[in-house]
Protein chains: 2
Amino acid sequence: MQEERSYKDKKVISIGTVSELTGLSVRQIRYYEERQLISPERSSKGTRKYSFSDVERLMNIADLREEGVQTTEILKDIRKKEEKSKNPAQLRKKMLQGQLNAHFQYKHNG
Amino acid sequence: MQEERSYKDKKVISIGTVSELTGLSVRQIRYYEERQLISPERSSKGTRKYSFSDVERLMNIADLREEGVQTTEILKDIRKKEEKSKNPAQLRKKMLQGQLNAHFQYKHNG
DNA sequence: CGTGTAAGGAATTCTGACACG
DNA sequence: CGTGTAAGGAATTCTGACACG
C-alpha cells in the first residue's frame, strides 16, 4: 500500500522515546549519530527526530555492541547492507547462488 | 506482514510533532482528547504520545471542523465507523447492498 | 573508544483558569 | 462551544567539555 512504508521511514520520534524503545541511553544514541551509524532529521527547533527504521537499526547496533563489535565495524556492515539493497540485480544473483549452494550440498549429503 | 500494522498504531509521537503534522494547535489537540475524539497514551513522565493512526484521525477531524461539524457529531461518526470495522459480516453486507443499489440504479438509468 | 555526568540555556509539556463569544 | 493565552513548575533536549579507561 505504499502508505505503510512511509510510516516506517517517517522521522517523528524524539530521542527520549527512542531511548525507551531501544534501551539505549540518550548519550549512546547521540554518539552513534556522531559515528554516522544513524542520521536523524532535525525539527524546526533543532531537536532530533527518528523513524521506526532508525529504532530498528539502533537495536541491531545495540546487539552488535554487546558482542563487542566496534562502531567502525558496524558502520562497514551497514554500508554493505545498503549497497545490496540498492542493487536488486546483484541481490537476486546472490540469492540464486545461495540456492545453488544449498542444492549441491543437499546432493552431496543425500 | 503484521509488523507494518504495529508502526501505524504505536504511540510514540509527542504533541508538538502531531501539531506540525496536522496543522492543529496543541490546544486543539488536547481539546479533542477532552471530547474523546482521540485517546493518546501517556509516557512514563506523563507526556501524551500519539500514533500515525491518531494523526490521520486528527486530519479527518480538522476537515470536519472546517465544515462546521461540531465535536459531538464527529464523535458519533467515529463510533459508527468503529462499529463497522468491528463487524466484518455486517460490513460485507453493507458493501453488497451498495453494489446492488449501484446495479439497479444503472439499470434504471440505462 | 565508548559512555557517564554536571553545566547553562532554550524549548516542551502539563494542568487549571480566565477570556471571548 | 471551541480556542487563545498567561502562569508556574517539571521534564526534555542541545552543545561542548571533562572524566575514566
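Order of the sequence lines sets the chain letters (A, B, ...), proteins ahead of strands, with each chain counted from 1.
Residue contacts for A:Ser14: at a heavy-atom cut-off of 4.0 Å it reaches the sugar-phosphate backbone alone, with no base atom in range.
Here the closest non-hydrogen pair linking A:Ile74 and A:Val69 is CG1-CG1, 3.7 Å. Here the closest heavy-atom approach between residue A:Leu75 and residue A:Gln36 is recorded as CD1-O, 3.6 Å.
The B:Thr47 side chain lies nearest to C:dT13 when the options are C:dT15, D:dC14, C:dT13.
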Nucleotide-resolved protein contact map, nucleotides 3-8 of chain D, B/S/- at heavy-atom distance under 4.0 Å:
BBB---
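In this structure, B:Glu41 atom CD and C:dC14 atom P are separated by 14 Å, rounded to whole Å. Across the protein-nucleic acid pair, A:Leu24 atom CG and C:dG2 atom P stand 14 Å apart, rounded to whole Å. The distance between atom CD1 of B:Ile38 and atom P of D:dG2, rounded to the nearest whole Å, is 14 Å. One can place NZ of B:Lys45 at 16 Å from P of C:dT15, the figure rounded to the nearest angstrom. Computed from coordinates, the B:Ile29 CD1 to C:dT13 C1' distance equals 12 Å when rounded to whole Å. In this entry the distance linking NZ of A:Lys49 with P of C:dA11 reads 15 Å, nearest Å. B:Tyr50 has its OH atom 7 Å from the P atom of C:dC14, to the nearest Å. Per the geometry, CZ belonging to B:Arg30 stands 15 Å off P belonging to C:dA17, to the nearest Å.
Between the A:Lys11 side chain and the A:Ser39 main chain, a donor and an acceptor come within less than 3.5 Å of each other.
Exactly one of A:Asn60, A:Leu58, A:Asp54 qualifies for a side chain to side chain contact (heavy atoms under 4.5 Å, CB included) with A:Thr22. That residue is A:Leu58.
Side-chain contact check for A:Ser53 and A:Asp9: at least one donor-acceptor pair (N or O, by modelled atom type) lies under 3.5 Å. A donor atom on one side chain and an acceptor atom on the other are found under 3.5 Å apart for A:Ser44 and B:Glu20.
Taking 4.0 angstrom as the limit, A:Arg35 places a side-chain polar atom (N or O) nearer than this to OP1 or OP2 of C:dG2.
We find that B:Lys76 and B:Glu73 are joined by a salt bridge, their nearest charged nitrogen and carboxylate oxygen being less than 4.0 Å apart.
For DNA chain C, the stems formed by at least three consecutive Watson-Crick or G-U pairs, with both atom-pair distances below 3.5 Å, span C:2-5 with D:17-20, C:17-20 with D:2-5.
A 4.5 Å side-chain heavy-atom check between A:Ile15 and A:Thr47 finds every atom pair outside the cut-off.
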